[in-house]
Amino acid sequence: MRAAVLHAIGDQKFEIRDDVTVLGPGPGEVRIRVRAAGVCHSDLSARDGGLPQPVPAVLGHEAAGDVLEVGDGVEDLAPGDRVTVNWLPACGACAPCRRGEPYLCMAHVMSGYAMPRFMVGDAPAFGMVGCGAFAEEMVVHRAGLVKIAPDVPYEVAALLGCGVTTGVGAVVNTAAVRPGDTVAVIGCGGVGIAAIQGARLAGAAVIVAVDTVAAKHDVARRFGATHAVTPNGLSDLTAELTDGEGVDYAFDVVAVPATLRTAWTAVRRGGTVVVVGAGRAEHHVEFSPFELLFEGKRIIPSLYGSADPPRDFGRLVALWRAGRLDLEGMVSHRLRLDQLDDALAALGRGDVIRQVIVHDTGA
């Protein structure tokens with residue numbers, strides 16, 4: 001099969017190979033035909049070393065496709081079923097799972113990092129977080145798939161696998177934004193647009209979209225932002241909109257030191273900064289004990305939107321069916337696998353919301 005192979009961290013180009021084979025499925029695993037794969041900033045971070053990734057590797061983790069084969073012990077999926085990939089599958093037995101925090105379970109992800117998932121010619125290769133969606137086929141643990149209805153388009157289903165769940169979940173699961181609350185979303189790429197839609201669904205009265213790229217402001221308004229501004233104008237705008245207090249919640253989808261400080265400044269005393277983006281391990285942000293105490297603000301993480309994918313994917317599909325969650329509109333570009341380098345280079349561009357690598361669906 002064909003796959004995009006990353007040979008070394010920091011490589012600016014993937015090698016498109018047609019001699020790649022997928023390993024498995026073993027017991028409890030499922031082999032799927034990848035039909036659509038979203039291009040996420042996390043893929044760029046893995047390529048450039050911001051996220052840990054053994055190489056050689058097939059990146060990609062936001063995907064949908066069809067079941068081709070099931071391993072021993074998998075009885076609730078069958079060839080032909082349409083599925084969305086859940087890149088953070090929960091084991092159901094560890095302490096976080098027992099506490100009802102499946103998004104903190106690392107059991108399958110850690111084994112996925114350490115275990116080769118492909119053969120590139122005669123050499124083993126890894127899959128990003130145990131996936132590898134920039135290939136025509138991949139094998140994942142059964143818990144890494146959620147069955148969806150056959151009428152849900154592959155592109156729509158793929159977006160559920162990471163960006164939409166992360167963005168909407170940060171608002172409705174992690175922060176539990178309430179009707180009438182005020183919100184700022186810093187970073188208006190795919191995850192940021194999903195967070196804006198989540199704030200709209202939650203009934204936020206003020207939704208401020210923040211991005212350095214002015215071309216993204218009109219896009220953000222189309223998906224539910226009530227206001228849009230560059231970071232330099234955020235302080236004056238939030239003061240005007242909130243009688244000088246600041247917003248209730250600021251969602252940092254970029255997660256670099258400067259944006260975390262921007263988010264902290266934007267929220268009111270007692271407000272909440274929600275860290276949504278996957279920042280780099282070497283970055284640090286300084287806060288004094290004095291300001292942490294007397295500002296009364298909270299900084300909370302939102303890993304994968306604090307989601308339970310078997311539950312939340314179905315809820316998001318229901319909102320899409322009801323016309324309350326615009327997923328088709330988030331697909332700004334449809335590309336071929338050999339355009340992956342261009343797709344990663346385009347991240348952050350004003351006309352990009354979510355790019356999707358579309359494999360031949362046969363339909």
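Quick note: residue numbers are just sequence positions, from 1.
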Less than 4.0 Å between a side-chain N and a carboxylate O, is that true for E245 and R268? no
Keeping T84 on the side-chain end and A64 on the backbone end, is there a donor-acceptor pair under 3.5 Å? no
Measuring only between side-chain heavy atoms, which start at C-beta, is V213 closer than 4.5 Å to R349? no
Can you check whether V39 reaches I357 side chain to side chain, under 4.5 Å on heavy atoms? yes
Specify whether Y304 and F313 have parallel, tilted or perpendicular ring planes, treating 30° as the upper limit for parallel and 60° as the lower limit for perpendicular. perpendicular
Is there a donor-acceptor pair closer than 3.5 Å between any side-chain N or O of R269 and the backbone N or O of F294? yes
May I have all residue pairs that pass salt bridge (Lys or Arg N to Asp or Glu O under 4.0 Å) and include part of residues 42-56, sequence neighbours excluded? none
Donor-acceptor pair, distance only, cut-off 3.5 Å: does the side chain of H284 make one with the backbone of E282? yes
For the side chain of Q355 and the backbone of I353, is there at least one donor-acceptor N/O pair under 3.5 Å apart? no
At what distance, to the nearest 0.5 angstrom, does CE of M138 lie from CZ of R33? 12.5 Å
Measuring only between side-chain heavy atoms, which start at C-beta, is H7 closer than 4.5 Å to V55? no
Could you walk me through whether L88 and M106 pass the side chain to side chain contact (heavy atoms under 4.5 Å, CB included) check? CA-CA 8 Å; L88 189 53; M106 292 286 110; 3.5 Å; yes
Exam field: side chain N86 to backbone A143, donor-acceptor pair closer than 3.5 Å: yes
If only atom types and distance count, is the side chain of T165 paired as donor or acceptor with the main-chain N or O of L160 below 3.5 Å? yes
Between S332 and R354, is there a donor-acceptor pair closer than 3.5 Å when you use the side chain of the first and the backbone of the second? yes
Answer with yes or no whether the side chains of D252 and T259 bring together a donor and an acceptor at under 3.5 Å. yes
Would you compute the distance between atom CG of L347 and atom OG of S42 and round it to the nearest 0.5 angstrom? 10.0 Å
For the pair D11 (side chain) and A8 (backbone), establish whether a donor and an acceptor sit closer than 3.5 Å, ignoring hydrogens and angles. yes
Step by step, would you call R142 with D76 a salt bridge (charged side-chain N to carboxylate O under 4.0 Å, His left out)? CA-CA 9 Å; R142 167 62 189 91; D76 56 346; 2.9 Å; yes
May I ask you to test the R17-V58 pair for a side-chain heavy-atom distance under 4.5 Å? no
Should L340 and L59 be marked as a side chain to side chain contact (heavy atoms under 4.5 Å, CB included) after you check the CA-CA gap, both sets of side-chain angles, and the distance that decides it? CA-CA 10 Å; L340 177 58; L59 303 187; over 6 Å; no
Heavy-atom closest pair (V85 atom, C131 atom, distance to 0.1 Å) is CG1-SG, 3.9 Å
Does the E136 side chain pair with the main chain of R2, one donor and one acceptor, at a distance under 3.5 Å? yes
